[in-house]
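Working notes, structure below.
Sequence positions, counted from 1, serve as the residue numbers for this chain. Both ligands and their constituent atoms are indexed starting at 1 by order of listing.
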Amino acid sequence: MPSRWRDFALEVHFSKWEFAARFNLTASDAESMSLSELLDMASPEDQDTFDALHLGYTETFGAPELRHRIASTYDDLESGHILTLAGAGEGIYIVNRVLLEPQDHVVVLTPNYQSAETVPLSMCEVTGVPLDSEPDWGLDVDRIRDALRPNTKLISINFPNNPTGCIPSHEAFDALIDLCRQHGIWLLSDEVYRLIEAKPARRVPQVADVYERGISLNVMSKAYGLPGLRIGWLACRNKEVLTRFERYKHYLSICNSAPSEVLAMIALGARDRILDRNRGLVDGNARVVQDFFETRKELFEWRRPHGGCVGFPRYLGEDGVEVFTERLVEEAGVLLLPSSIYRSEVGVVPADRFRIGLGRRWVPEALGVMGDWLDARS
Ligand SMILES: Cc1ncc(COP(=O)(O)O)c(C=O)c1O
């Protein structure tokens with residue numbers, strides 16, 4: 001177990017570059033919108049609620065109407081199964097802290113969003129199970145089965161995956177649920193990129209809908225493109241455990257920002273419109289990215305991810321991906337995330353990849369700048 005927490009590599013890199021680079025071509029969220037654009041989508045009742053909003057503390061579980069609207073995004077859940085949070089990051093922290101004891105064991109996938117492994121590693125033993133990079137980052141449930149120990153308490157997954165964009169087949173997903181059920185293992189499923197899929201048929205269920213020990217994590221940040229709201233949630237059928245999560249939240253954010261709660265309600269009220277817009281954007285960008293890489297096959301190997309707002313192509317240049325991405329941001333102002341950002345303490349992550357974002361409106365322009373830089377570089 002590490003004596004001190006490892007820095008969150010992605011966030012450290014972003015704290016330097018996210019707002020300094022001209023183009024964040026590695027953004028994992030869909031294009032956001034202005035407050036007035038969102039308010040234009042409000043029903044007259046929601047607009048009145050926003051205008052009359054009282055800026056006191058809010059309910060620790062979340063506003064009842066917000067929880068109701070979130071619950072209605074699941075097949076079979078009610079408000080009592082939802083705990084709202086300050087973003088999804090808080091959920092990863094809470095679930096691991098509440099469920100795990102030093103004698104427990106956790107299985108996580110690699111590559112991953114780093115807190116998925118760093119938080120449990122601060123508490124107990126963690127085994128990494130790699131997604132199979134060839135051909136398209138598949139989930140091998142047998143490898144998860146082989147990693148299990150008698151004390152495995154939790155399996156942590158994230159589909160569509162950050163950074164690979166992979167989604168398992170329905171067969172693999174069902175097999176994973178069966179495996180968890182057979183061993184009574186909790187399944188934390190980070191579903192923040194769900195609803196942005198290249199092919200809707202690939203979409204897998206939300207685990208809280210299909211598994212009694214499934215914990216679904218979601219947020220307004222990614223598919224909805226509203227990270228500035230800092231509204232996320234956990235969904236779980238087990239109300240006793242959900243209450244333990246809520247007790248832990250008392251030590252963290254306590255309750256949500258009142259304006260953000262109402263704005264999230266408005267966004268959920270306009271859900272189809274927002275998601276359609278964002279899917280269209282990602283789809284269009286994926287085509288532009290495909291064309292870009294197609295004409296530079298000697299430098300890049302690209303397959304469209306199954307879903308989400310990011311992909312993890314291979315860089316074939318002799319300088320290596322770390323030098324390439326560093327020069328690209330310093331000389332052309334285009335930000336990508338190299339493999340080293342996804343280094344894992346529990347598995348080997350290919351060293352020749354970089355994360356590219358598909359959700360921002362300026363993707364074509366940023367690719368143009370990147371292409372010019374590539375053509376001109378010495
Ligand atoms: C897979 C995954 N989970 C959780 C988060 C955290 O989301 P938020 O910024 O809304 O807390 C991110 C953010 O990049 C993510 O990619």
Side-chain angles (χ1 to χ4, degrees), residues 8-15 17-19 24-32 62 66 70 83-97 108-120 128 131 137 139 155-168 187-197 204 206-207 215-235 245 249 252-253 256-257 260-261 263-264 267-268 278 282 305-312 335-337 341-342 344 349 354-360:
F8 201 141
L10 182 150
E11 299 301 344
V12 171
H13 200 67
F14 268 1
S15 68
W17 285 114
E18 184 175 5
F19 297 97
N24 179 0
L25 187 55
T26 190
S28 63
D29 42 1
E31 183 74 32
S32 200
L66 175 61
I70 292 171
L83 168 67
T84 63
L85 305 163
E90 190 175 50
I92 295 171
Y93 188 79
I94 289 179
V95 171
N96 283 284
R97 297 299 294 189
V108 302
L109 304 177
T110 60
N112 56 45
Y113 181 66
Q114 192 190 314
S115 54
E117 65 171 61
T118 300
V119 181
L131 294 164
W137 304 100
L139 173 70
I155 297 176
S156 194
I157 59 174
N158 159 227
F159 299 117
N161 172 258
N162 174 359
T164 67
C166 77
I167 303 175
L187 181 60
L188 170 60
S189 174
D190 181 332
E191 296 161 359
V192 302
Y193 297 104
R194 194 170 173 277
L195 302 176
I196 304 275
E197 290 88 9
V204 289
Q206 305 182 97
V207 300
I215 303 160
S216 287
L217 174 70
N218 217 324
V219 77
M220 300 307 298
S221 306
K222 308 295 184 182
Y224 295 91
L226 296 166
L229 297 186
R230 310 308 302 136
I231 295 284
W233 61 89
L234 290 166
F245 295 155
K249 183 186 165 186
L252 301 173
S253 61
N256 301 321
S257 138
S260 288
E261 287 200 322
L263 294 169
L268 288 167
N278 293 346
V282 169
H306 300 135
C309 305
V310 293
F312 206 41
L335 180 63
L336 298 170
L337 287 178
I341 297 294
Y342 282 91
S344 167
V349 174
F354 62 94
R355 186 179 95 176
I356 186 165
L358 304 173
R360 296 291 177 89

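Assignment of Arg230 to the shell around ligand 1 is supported, since a heavy atom sits closer than 4.0 Å.
The contact set between ligand 1 and Val192, taken as ligand atoms under 4.0 Å from a residue heavy atom, comprises 1 (C), 2 (C), 3 (N). Near Asn158, with a cut-off below 4.0 Å to any heavy atom, the atoms of ligand 1 are 1 (C). Applying the 4.0 Å criterion to heavy atoms of Lys222 picks out, from ligand 1, the atoms 12 (C), 13 (C), 14 (O). When each atom of ligand 1 is checked for a heavy atom of Tyr193 under 4.0 Å away, the hits are 1 (C), 14 (O), 15 (C), 16 (O). Residue Ser28 approaches ligand 1 through these ligand atoms, each under 4.0 Å from one of its heavy atoms: 14 (O). Listed by atom number, the atoms of ligand 1 under 4.0 Å from Ser221 heavy atoms are 8 (P), 10 (O). Shown in contact with Asn162 at under 4.0 Å from a heavy atom are these atoms of ligand 1, numbered in order with element: 1 (C), 15 (C), 16 (O).
There is no side-chain donor-acceptor pair under 3.5 Å between Gln206 and Ser189. Side-chain atoms of Thr84 and Asn256 form a donor-acceptor pair, as typed in the model, at a separation below 3.5 Å.
Among the atoms of Gly89, some N or O lies under 3.5 angstrom from an N or O of ligand 1.
In this structure, the side chain of Glu90 does not engage the main chain of Ala88 through any donor-acceptor pair within 3.5 Å.
The shortest contact between atom 2 (C) of ligand 1 and any protein heavy atom is with Asp190 OD2, 3.3 Å. The nearest heavy-atom contact from the protein to atom 6 (C) of ligand 1 is Tyr113 OH, 3.5 Å.
By the criterion of a heavy-atom distance under 4.0 Å, both the backbone and the side chain of Ala88 are placed next to ligand 1.
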Review point. Do Leu226 and Leu263 pass the side chain to side chain contact (heavy atoms under 4.5 Å, CB included) test, and can you show the C-alpha distance, the side-chain angles, and the key distance before you say yes or no?
Key: CA-CA 9 Å; Leu226 296 166; Leu263 294 169; over 6 Å; no
Exercise for review: Kindly determine whether Leu10 and Leu337 satisfy side chain to side chain contact (heavy atoms under 4.5 Å, CB included), including the steps that lead there.
Suggested key: CA-CA 8 Å; Leu10 182 150; Leu337 287 178; 3.8 Å; yes
Exercise for review: Test Glu261 against Ile231 for side chain to side chain contact (heavy atoms under 4.5 Å, CB included), laying out the working first.
Suggested key: CA-CA 7 Å; Glu261 287 200 322; Ile231 295 284; 4.2 Å; yes
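Taking CG of Leu131 as the start and CG of Leu109 as the end, the distance is 5.0 Å to the nearest 0.5 Å.
Of the candidates Tyr93, Tyr113, Tyr342, Phe8 forms a ring pair (Phe, Tyr, Trp, His ring centres under 6.0 Å) with just one, namely Tyr113.
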